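Presented below is the structure to which this report refers.
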Amino acid sequence: MVTAYRTERTTRVRCWGTRVGPAPALSSSRRTQPRGTRNLTRMAVNKVMISGAPASGKGTQCEMLSGNYNLTHISAGDLLRAEVGSGTANGLKAKEFMDAGKLVPNEIVVTMVKDRLNQPDALAGWLLDGYPRSKDQADALEEANIRPEVFLLLEVPDSILVDRVVGRRLDPETGKIYHLKYAPPESEEVAERLIQRSDDTEEKVVPRLETHNSNVAAILDSYSDVLVRINGDQAKDKVYADIQEALKSL
Ligand SMILES: Nc1ncnc2c1ncn2[C@@H]1O[C@H](COP(=O)(O)OP(=O)(O)O)[C@@H](O)[C@H]1O
């Protein structure tokens with residue numbers, strides 16, 4: 001496995017776990033750097049972004065990462081669902097886009113996420129999930145001088161994602177994420193209260209995947225120096241182990 005290091009000029013990253021996606025954006029490895037030009041600085045991470053297609057495992061990995069790394073988990077999707085639940089004008093407008101699997105307009109999302117990042121509980125360390133999802137969203141953070149120390153990209157083939165979305169269920173009491181086939185509820189009591197997100201249907205996951213695939217390349221341009229690609233098409237504990245390995249070397 002290769003480790004990710006921040007060098008004077010750029011961070012050289014490669015895949016973790018067996019490669020599923022295209023070759024990494026930065027295919028360099030330590031060997032391509034002339035000796036003596038690397039000033040490797042190990043760094044503690046407390047500004048982490050995690051990205052990936054719907055059902056790529058962001059929520060599941062964030063559950064483990066936020067607890068073990070003492071990071072405040074900020075999910076753009078959760079913030080929007082809370083807005084929808086509160087019935088505000090923004091929430092009503094956001095719901096239209098979310099139900100269509102489209103990105104909610106920036107005038108709603110950007111301020112909401114920036115305000116959340118500036119709340120006291122996030123200042124010690126944040127794990128930002130599902131934002132940015134477009135180049136202008138990334139630019140909005142740049143303008144606010146908000147940058148991650150590492151950008152984790154979970155990569156899973158589209159064919160796997162549809163199956164994951166359709167079987168995904170949420171426990172409204174604990175927020176825990178289950179899957180009827182791959183991560184079933186541990187008791188009848190939990191099983192009975194599980195809910196399915198309104199956009200977790202075969203029909204709605206298609207536009208969500210299209211939205212993700214059409215935006216992800218532009219976002220990676222903004223974070224190519226801190227990008228760490230993770231193979232998300234593995235057991236969740238193996239994915240988490242790969243993430244830990246990558247973070248250990250930062
Ligand atoms: N950064 C964002 N910008 C605009 N809309 C977003 C953003 N993040 C989430 N959304 C909206 O909320 C929906 C659910 O997002 P999320 O909970 O992250 O689920 P998933 O990662 O499975 O798509 C998205 O389909 C989109 O409509």
Side-chain angles (χ1 to χ4, degrees), residues 48-63 65-66 73-86 88 90-117 126-142 144 146 148 151-158 160-172 175-179 182-183 195-216 218-220 222-223 230 232 236 239:
V48 181
M49 280 184 186
I50 186 166
S51 179
S56 55
K58 297 189 301 297
T60 300
Q61 293 305 318
C62 285
E63 223 172 281
L65 275 169
S66 57
H73 178 208
I74 297 171
S75 155
D78 290 347
L79 291 174
L80 287 164
R81 278 182 286 275
E83 198 68 26
V84 171
S86 57
T88 62
N90 275 348
L92 292 174
K93 185 170 180 186
K95 186 171 187 325
E96 285 169 39
F97 289 86
M98 295 168 79
D99 285 349
K102 299 287 177 213
L103 292 187
V104 171
N106 287 341
E107 62 265 18
I108 295 176
V109 179
V110 173
T111 310
M112 185 184 70
V113 168
K114 284 201 301 193
D115 289 351
R116 183 65 187 85
L117 284 169
W126 45 258
L127 171 58
L128 186 55
D129 163 5
Y131 184 102
R133 284 192 152 154
S134 63
K135 180 77 172 66
D136 44 8
Q137 288 188 2
D139 293 345
L141 288 190
E142 291 289 316
I146 298 172
F151 186 97
L152 299 170
L153 177 65
L154 299 181
E155 296 182 308
V156 180
D158 283 7
I160 304 275
L161 293 170
V162 176
D163 187 31
R164 284 192 185 182
V165 165
V166 173
R168 176 162 62 179
R169 296 295 182 273
L170 297 172
D171 180 345
K176 200 167 160 47
I177 300 165
Y178 292 90
H179 189 283
Y182 307 123
I195 58 172
Q196 182 174 13
R197 271 172 39 179
S198 60
D199 56 352
D200 271 357
T201 62
E202 192 150 357
E203 176 224 344
K204 291 189 177 173
V205 69
V206 172
R208 286 166 61 197
L209 282 173
E210 285 164 359
T211 301
H212 170 76
N213 291 334
S214 62
N215 281 300
V216 65
I219 304 163
L220 297 188
S222 304
Y223 301 111
I230 299 284
K236 64 180 186 179
V239 175

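Counting starts at 1 for both ligands and their atoms, following the listed order. These numbers come from a predicted model, not from an experiment. Numbers here simply count residues along the sequence, with the first being 1. Just so you know, these numbers use all the heavy atoms, side chains as well, and skip hydrogens, waters and symmetry mates.
Contact annotation: K204 has no heavy atom less than 4.0 Å from any atom of ligand 1.
Each of the following atoms of ligand 1 lies closer than 4.0 Å to a heavy atom of L80: 5 (N), 6 (C), 9 (C), 10 (N), 11 (C), 12 (O). Near R197, meaning under 4.0 Å from any of its heavy atoms, are these atoms of ligand 1: 14 (C), 16 (P), 17 (O), 19 (O), 20 (P), 22 (O). The contact set between ligand 1 and L103, taken as ligand atoms under 4.0 Å from a residue heavy atom, comprises 4 (C), 5 (N). Near A55, with a cut-off below 4.0 Å to any heavy atom, the atoms of ligand 1 are 22 (O). Counting atoms of ligand 1 from 1 in the listed order, those under 4.0 Å from a heavy atom of K58 are 20 (P), 21 (O). Contact atoms of ligand 1 toward V109: 1 (N), 2 (C), 3 (N), 4 (C) (distance under 4.0 Å to a heavy atom of the residue).
The proximity of P132 to ligand 1, defined as any non-hydrogen pair under 4.0 Å, does not occur for either the backbone or the side chain. Counting heavy atoms closer than 4.0 Å to ligand 1, residue K95 contributes nothing at all.
Proximity of L209 to V162: side-chain heavy atoms (C-beta onward) are separated by under 4.5 Å at one or more points. A 4.5 Å side-chain heavy-atom check between K58 and L65 finds every atom pair outside the cut-off. Proximity of I219 to F151: side-chain heavy atoms (C-beta onward) are separated by under 4.5 Å at one or more points.
A salt bridge does not link D199 to K102: none of the charged side-chain nitrogens sits closer than 4.0 Å to a carboxylate oxygen. Of the charged side-chain nitrogens involved, at least one lies within less than 4.0 Å of a carboxylate oxygen, so that D139 and K135 count as a salt-bridged pair.
At a 3.5 angstrom cut-off on N or O pairs, S75 does not count as close to ligand 1. Between D78 and ligand 1, a contact under 3.5 Å exists for no N or O pair.
With L153 as reference, V216 is the one residue of I230, V216, I50 to meet the side-chain contact (heavy atoms from CB on, under 4.5 Å) rule.
The number of heavy-atom neighbours closer than 6.0 Å to CD of E107, taken from other residues, nucleotides and ligands shown, is above 12. Shown here is K204, whose NZ atom has more than 12 heavy atoms of other residues, nucleotides or ligands within 6.0 Å.
Scanning the protein for heavy atoms near atom 15 (O) of ligand 1, the closest one is R133 NH1, 3.3 Å. When hydrogens are left out, the protein atom nearest atom 12 (O) of ligand 1 is M98 CE, 3.6 Å; that is the closest non-hydrogen contact. At the shortest separation from atom 17 (O) of ligand 1 among protein heavy atoms lies R81 NH2, 2.7 Å. The protein atom (non-hydrogen) at minimum distance from atom 27 (O) of ligand 1 is K102 O, 2.7 Å.
Counting only N and O atoms by type, the side chains of D136 and S134 include a donor and acceptor under 3.5 Å apart.
In this structure, P105 and K93 approach most closely via the heavy-atom pair CG-CE, 4.2 Å. P132 and M49 get closest at one heavy-atom pair: CD-SD, 3.5 Å.
Looking at L161, L209, D199, it is D199 that brings a heavy atom closest to atom 13 (C) of ligand 1. Here the shortest heavy-atom distance to atom 3 (N) of ligand 1, taken over H212, Q137, R208, belongs to Q137. Considering only non-hydrogen atoms, atom 4 (C) of ligand 1 lies nearest to V104 out of I50, V113, V104, D129.
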